[in-house]
Amino acid sequence: MTYRRGGWSTSRRTPPDCGSADGHRVRCHLDTLLAERGMTLAALAEQVGVAVVNLSVMKNDRARAVRFSTLTALCDALDCTPGDLFSVVDP
């Protein structure tokens, strides 16, 4: 939110089009990794120390950013690499 002459504005810059409706081509494979390990999202959230809602956003490809500390914790908990967790799809 920014203040402009005459009031507050909530307009945001839109990301450049990257070939998808949401502006990016990075896909998260958290659901697959959880299924392979027989783990629930709630159990992972507790182990990693991240809210379930934040992991759900990531799992549903709606996340805009991931902290390296969170990525490291996820990889440790799931015994995987960032490349196992994310991929970039063709446009």
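Computed from heavy atoms alone, side chains included, the values below leave out hydrogens, waters and symmetry copies. Remember, it's a predicted structure, so these values are computed and weren't measured experimentally. When a residue number appears, it is its place in the shown sequence, counting from 1.
Side-chain atoms of D61 come within 3.5 Å of backbone N or O of C28 as a donor-acceptor pair. Judged by distance alone, the side chain of T70 and the main-chain N or O of V66 form no donor-acceptor pair under 3.5 Å.
From R62, atom CZ reaches atom CG of N54 across 10.5 Å, with rounding to the nearest 0.5 Å. Atom CG of D31 sits about 12.5 Å away from atom CE of M58, to the nearest 0.5 Å.
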Could you list the donor-acceptor pairs under 3.5 angstrom formed between side-chain atoms of residues 37-53 and any protein atom two or more places apart in sequence or on another chain?
{"from": "R37", "atom 1": "NE", "to": "L78", "atom 2": "O", "distance (Å)": "2.5"}
{"from": "R37", "atom 1": "NH1", "to": "L33", "atom 2": "O", "distance (Å)": "3.4"}
{"from": "R37", "atom 1": "NH2", "to": "L78", "atom 2": "O", "distance (Å)": "2.9"}
{"from": "T40", "atom 1": "OG1", "to": "A43", "atom 2": "N", "distance (Å)": "3.0"}

Could you list the donor-acceptor pairs under 3.5 angstrom formed by side chains in residues 79-91, with sequence neighbours left out?
{"from": "T81", "atom 1": "OG1", "to": "G83", "atom 2": "N", "distance (Å)": "3.4"}
{"from": "T81", "atom 1": "OG1", "to": "D84", "atom 2": "N", "distance (Å)": "3.3"}
{"from": "T81", "atom 1": "OG1", "to": "D84", "atom 2": "OD2", "distance (Å)": "3.2"}
{"from": "D84", "atom 1": "OD2", "to": "T81", "atom 2": "N", "distance (Å)": "3.0"}
{"from": "S87", "atom 1": "OG", "to": "H29", "atom 2": "NE2", "distance (Å)": "2.7"}

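Under the 4.5 Å side-chain heavy-atom criterion for grouping Ile, Leu, Val, Met, Phe, Trp and Tyr, L74 is connected to V26 within one hydrophobic cluster.
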